[in-house]
Amino acid sequence: MTSQDGSRQPKYQRIADALRTAIQSGEHGPGDRLPGENELMATYGVARMTARQALGVLQNEGLVEARKGAGVFVRAFRPLRRRGIQRLAQEQWGSGRSIWSADTEDRDLVVDQIEVREEEVAIRIADALGVSAGSRVWVRSRRFVLDGKPVLLATSYLPSDVVANSLITQADTGPGGTYARLGELGHEPVHFREEIRSRMPSADEAERLSLSVGTPVIQIARTAFAEGGRAVEFNEMTLDSASYVLEYDFDA
């Protein structure tokens with residue numbers, strides 16, 4: 001099959017392109033059921049495997065989701081816009097607001113699978129925090145669920161000598177979260193560094209985030225620094241790539 005630009009294109013890709021265009025134009029809206037394999041086979045004169053591949057392309061892109069025994073539907077979930085700069089401003093967490101409120105607006109956010117523990121730091125984390133091997137850190141692991149959809153896994157590591165006996169070692173850190181508590185302890189974050197990459201998820205990540213087969217994740221590693229350059233938190237975040245738009249808004 002030859003496309004309009006003259007390049008040869010697999011049949012399944014041509015079908016996926018047509019369905020994607022129909023979704024983007026609004027012909028198939030959020031929650032609508034797409035034509036099934038039998039319908040695509042009849043419409044395009046292709047084998048079942050080709051129709052299945054076409055639907056699989058859209059699933060991998062996060063545009064649609066398969067529901068067992070019901071078919072393939074256009075995803076109704078509205079992507080989360082992560083405002084990478086505004087969300088970390090001191091005026092956000094310093095006023096008692098969660099940094100998540102910059103992203104979620106009035107949407108329903110639930111934080112679950114919360115685990116808080118103290119342990120000996122791993123070498124990889126020790127390097128990120130600039131502490132010696134054998135040091136103790138507090139680890140905060142949690143999952144974020146937006147409008148009923150798991151979207152993020154996050155694990156923070158904080159030096160024990162900084163956060164011991166504070167609310168940071170509890171499940172509920174209080175208004176403003178971890179950064180507000182660090183400020184009260186005299187270690188207010190004044191600088192952040194984030195490193196971003198994309199990869200395929202582990203089996204555990206795919207299960208906890210309810211990812212469709214083939215959906216990649218975005219990994220963000222953030223380090224928070226206090227005055228003087230000391231690292232006071234290292235946070236590894238795993239995001240469902242189909243649930244996010246990463247936005248960075250700054251002056252020239």
Side-chain angles (χ1 to χ4, degrees), residues 79-104 111 115-116 118-144 151-164 166-169 173 176-202 205 209 216-241 243-252:
L80 179 63
R81 188 168 294 275
R82 183 182 189 273
R83 297 174 171 86
I85 295 177
Q86 295 93 325
R87 70 198 309 273
L88 293 174
Q90 195 275 342
E91 64 183 30
Q92 181 73 20
W93 47 265
S95 62
R97 298 193 302 273
S98 164
I99 63 175
W100 264 81
S101 65
D103 304 335
T104 59
V111 182
E115 295 183 12
V116 185
E118 187 181 23
E119 64 185 28
E120 187 174 303
V121 67
I123 294 177
R124 177 177 64 86
I125 305 302
D127 290 342
L129 288 173
V131 300
S132 59
S135 298
R136 305 288 292 180
V137 293
W138 277 92
V139 183
R140 298 183 52 81
S141 177
R142 58 270 191 213
R143 182 179 72 163
F144 294 79
V151 295
L152 167 69
L153 306 175
T155 303
S156 296
Y157 304 86
L158 304 105
S160 291
D161 65 327
V162 171
V163 304
S166 72
L167 281 176
I168 292 173
T169 66
T173 56
T178 295
Y179 295 151
R181 302 293 80 75
L182 284 170
E184 294 167 356
L185 294 169
H187 298 281
E188 176 180 290
V190 297
H191 181 72
F192 298 94
R193 180 178 65 225
E194 288 191 342
E195 298 178 352
I196 302 174
R197 69 186 182 96
S198 181
R199 60 173 174 80
M200 297 308 296
S202 67
E205 290 168 338
L209 289 172
V217 293
I218 300 169
Q219 183 166 0
I220 301 178
R222 180 173 70 230
T223 309
F225 299 90
E227 194 70 47
R230 180 176 184 181
V232 292
E233 183 213 32
F234 179 65
N235 188 350
E236 289 187 312
M237 293 159 278
T238 304
L239 291 64
D240 171 9
S241 63
S243 296
Y244 274 89
V245 173
L246 305 184
E247 177 182 300
Y248 294 90
D249 184 8
F250 47 87
D251 294 331

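In this structure, I168 and V116 approach most closely via the heavy-atom pair O-CG1, 4.2 Å. Of all non-hydrogen atoms in A164 and T169, the two that sit nearest each other are CA-CG2, 4.4 Å. The two residues A226 and V190 come nearest to each other via the heavy atoms C-CG2, 3.6 Å. Contact detail for P159 and A231: the closest heavy-atom pair is CG-O, 4.0 Å. Among all heavy-atom pairs drawn from S241 and P216, the shortest one is OG-O, 2.6 Å. The two residues L185 and V163 make their nearest non-hydrogen contact at CD1-CA, 4.1 Å.
Side-chain contact between T238 and P201: absent, with no pair of heavy atoms (C-beta onward) separated by less than 4.5 Å. Side-chain contact check for E233 versus P189: every heavy-atom pair is 4.5 Å or farther apart. Side-chain contact between V131 and D161 is absent, with no heavy-atom pair separated by less than 4.5 Å. Taking the side chain as every heavy atom from C-beta outward, L153 and T155 never approach each other to under 4.5 Å.
Interatomic distance, CZ of F144 versus OG of S243, reported as 14.0 Å (0.5 Å rounding). Note that the CG atom of L239 and the CD atom of E205 stand 11.0 Å from one another [nearest 0.5 Å]. With values rounded to the nearest 0.5 angstrom, S132 atom OG is found 11.0 Å from D127 atom CG. Atom CD of E236 sits about 5.5 Å away from atom CD of Q219, to the nearest 0.5 Å. How far CD1 of I218 is from CZ of R199: 11.0 Å, rounded to the nearest 0.5 Å. Distance CG/L152 to CG/L209: 7.5 Å, rounded to 0.5 Å.
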Point to revise | Evaluation steps, side-chain contact (heavy atoms from CB on, under 4.5 Å), between L182 and L158 | key: CA-CA 10 Å; L182 284 170; L158 304 105; 4.2 Å; yes
Review point. Can R193 and R222 be said to form a side-chain contact (heavy atoms from CB on, under 4.5 Å), step by step?
Key: CA-CA 6 Å; R193 180 178 65 225; R222 180 173 70 230; over 6 Å; no
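In this structure, the side chain of R142 engages the main chain of R140 through a donor-acceptor pair within 3.5 Å.
Remark: E184 engages R181 in a side chain to side chain contact (heavy atoms under 4.5 Å, CB included) (not counting sequence neighbours).
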